[in-house]
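Written below as structure tokens is the structure these notes are about.
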There are 2 protein chains.
Amino acid sequence: MNAKIRPLSGFPELLPAQRVVEQQVVDTLRHVFELHGFAGIETRAVEPLDQLLTKGETSKEVYVLRRLQEQEGGKDAGLGLHFDLTVPFARYVVENAGRLEFPFRRYQVQKVWRGERPQDGRYREFTQADIDVVGRDTLSFHHDVEVARVMLDALRRIDFLPGFRLQVNNRKLLEGYFLGLGLDDPAPAMTAVDKLDKQSPEAVAALLVEGGLDADLARRCLAIAEISSTDTSFVQQVRDLGVEHPLLEEGLTELAAVVEGCAGLVGPRVEVVADLRIARGLDYYTGTVFETRMRGHEALGSICSGGRYDALATDGRTTYPGVGISLGVSRVLVPLISRTGLVADRSVPSAVLVALVDDAPEARAASEAVADALRARDVACEVSPSPQKFGKQIRYAERRGIPFVWFTTAEGGHEVKDIRSGEQVTADPAAWTPPHEDLRPQVTSHDPQEMTK
Amino acid sequence: MNAKIRPLSGFPELLPAQRVVEQQVVDTLRHVFELHGFAGIETRAVEPLDQLLTKGETSKEVYVLRRLQEQEGGKDAGLGLHFDLTVPFARYVVENAGRLEFPFRRYQVQKVWRGERPQDGRYREFTQADIDVVGRDTLSFHHDVEVARVMLDALRRIDFLPGFRLQVNNRKLLEGYFLGLGLDDPAPAMTAVDKLDKQSPEAVAALLVEGGLDADLARRCLAIAEISSTDTSFVQQVRDLGVEHPLLEEGLTELAAVVEGCAGLVGPRVEVVADLRIARGLDYYTGTVFETRMRGHEALGSICSGGRYDALATDGRTTYPGVGISLGVSRVLVPLISRTGLVADRSVPSAVLVALVDDAPEARAASEAVADALRARDVACEVSPSPQKFGKQIRYAERRGIPFVWFTTAEGGHEVKDIRSGEQVTADPAAWTPPHEDLRPQVTSHDPQEMTK
């Protein structure tokens, strides 16, 4: 077939040595999610369009499907590609409620599609990694702490990525504060706080005044958004504002519990901040809310967000509350790969190239036997495609980043050469194993300070 | 959000304990592919429509994409979901040719979409696992043997699946035979052999006679399709037909090499047959062709097919020959799961449920500390969501298939109970590990004889 070259904007693809980076990230996420008892599921890529459009604001981003030979208005009409993993998960929970055990912990790493304008960190096809805990009728608060801890545990283990800052807040805290200030409807103030990310406090305050608040009240509404702390000292800072409301108390208690619950995981690579400016625009969040910034790449915005919703899904009779957090895998990796050259040290899984002595079938069989012996001990390897001069076979390995070349000598002996050091030693195919760090491709870590230069 | 229940025919989804089966299959495939030096890549889900339609016959199955808010004929018009992994791989090779090393071994496990009528073993969304080796300008024949060996090595290791029979043939062999018989154009005879799968030899011979062959020649054309052998004895059987042609010789040599090269992998779970009836309809195959049947489920047709193509891709100046084989992961698993109840022994990754003594924050912290200690040694576990009576906590574990429940005693001691045997022993959270077979969910193997009852 004649393959035309047509790169598509917004549909990033990776070269083999870059794909290793993504695969290792996904492997670590999955490993940690499973250690914490989260079950992996996948949902179909399509949902009925009416289901996708209940989320209003994002409707314009949906890709609609049609079979090429289908008549207009055929019965397939009305299917679209999912634009997140929450809508399909909510549907999966309701559809399979009778066959699931609650509380149900699940993780899901899949591609999603949005027809939005491609830009830095925004793609039309990208991979997300979601964890959620969902209950039937009720879901204890401690799961809010749990999902934060699980994601932190995963992020801190991916040591070739820059550091992360998890910013936590609680919508009860904000809502209670606004009610305590005497506002009848806390929604406009909530929206205003959410805008502080992109507009100045003065501009946002002006909007509140336009909405009918007096200037002093508008200022007091925004005062809470200036509070942040990496410990629970934010509680006293809020109390110092002199506002009281039962919902505010509940929010303070919950937020303090998340910060305290995560304390054991904080380290050089991950920090946790109670940041009272975080509101999350989406109105289905009802308590804890999360956002996450990547150190040195704050302009990408939040790369890992989520929160608590009292009704992740409902079938009319039963309500399924949930709490979850979603990592934008592509959103983190694609910019890092292109900006910092984040890449694995080889483009093939092979740790060893088994050289070929000559063109005789016996020579190939002998090299294949060595390869099979290595594979039996989980050493990835490949046999030279052709019996070129050994110098050429070594360059074949070099170009792929394969660290070792295996030679069979004329006398039937075996030698293995580390082509980086040049060291060559006799070796037994049934016993030799490369050093642990050479067994699999290694991703080079990059200093986040260097990246932005 | 209000999630409506709408199962979609042809878009299979799995419950958590079923998804474990699929995940373990994909993990084994990936492990074996990497052991043999194949690099994993992923390609975008969409391709330009004109690219997807070069394959003619399948055009009616393509799902076309449109952004919901897009005007008719907008610039996104003309994108479709890929219906296999070969078309995108060919495009990827040409697009990245300057940045790849050839011969290039790659594996790719991804979903594909076809708008065809859903039926047993045929889906609208399904997962395929492809391996291919592609060369620039040339590709040695031994890679034909290699891809067969790699797929056999993978299939034989997935011990909870029924056995497999790899059927191999060579189009040079068939074409040379037909040319040796004196046919000017071997294509109609090739097509006829391909039809023997669904029609009687008499009906197929009648078609050839209709096409202008005399009855004896038609009979001789089909005689070769009756030959098969699990060793190289097919060579003599072909010679006994008394037809000679250089291309026939070449095909015989190549097919014998594949059968001999695979001999070391044949065992109770996988067999290899030179089956001279296998033609593969697609006309881009030029040498070796593969099909695979699953024992006890032959009616599903070939679940793993492929072959050699002299031009996997071309950019006009350079041609990229390739050889590959593609396993229909969903095609194997979805019918097995629904027919035989193939499933993992638990619905969660957790090997241990850490029980909760009471509602005090200290009690939860103590249980979490036990869980963290177990996780530090890669033991997946979860903490009870609430401090119910221990009998209820044990039933919580039972319903999920979690084999062990961990109790902290009032005196600060630790005991772990195997809830299957009832055995309870004292244990140290910093040292205890479950037996290896309990560390991860196990998939129950099913006797293929039992399945079809």
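Values below: every heavy atom of this structure, side chains too, minus hydrogens, waters and symmetry copies. Letters go in sequence order (proteins before strands), and every chain restarts at 1.
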Would you find a donor on one side and an acceptor on the other, under 3.5 Å apart, between the side chain of B:Glu13 and the backbone of A:Arg44?
yes

Within a strict 4.5 Å, meaning less than it, do heavy atoms of the B:Asp372 and A:Arg149 side chains meet?
yes

If I take atom CG from residue A:Leu35 and atom CZ from residue B:Arg377, how far apart are they, to the nearest 0.5 angstrom?
11.5 Å

Intermediate values then yes/no, salt bridge (charged side-chain N to carboxylate O under 4.0 Å, His left out), A:Glu146 and B:Arg364
CA-CA 12 Å; A:Glu146 180 181 19; B:Arg364 178 161 296 279; over 6 Å; no

Identify which part of A:Glu368 has an atom lying under 4.5 Å from any heavy atom of chain B, answering side chain, backbone, both or neither.
side chain

Backbone of A:Tyr396 reached by a side-chain donor or acceptor of B:Glu101 within 3.5 Å:
no

Engaged part of A:Tyr320 at the chain B interface, taking heavy atoms whose separation is under 4.5 Å
neither

Between A:Val379 and chain B, which part of the residue has a heavy atom less than 4.5 Å away: side chain, backbone, both or neither?
backbone

Considering only heavy atoms, which portion of A:Arg440 lies under 4.5 Å from any heavy atom of chain B: side chain, backbone, both, or neither?
neither

Any donor-acceptor pair under 3.5 Å linking the side chain of B:His36 with the backbone of A:Cys381?
no

For B:Arg346, side-chain hydrogen bond (donor to acceptor under 3.5 Å, both in side chains) partners two or more places apart
none

Pick from A:Leu15, A:Val64, A:Val46: which one has the most heavy-atom pairs with chain B under 4.5 Å?
A:Val64

Interchain contact, A:Val383 with chain B, by part (heavy-atom threshold 4.5 Å):
backbone

To the nearest 0.5 Å, what is the distance between CG (A:Leu52) and CG (B:Leu68)?
9.5 Å

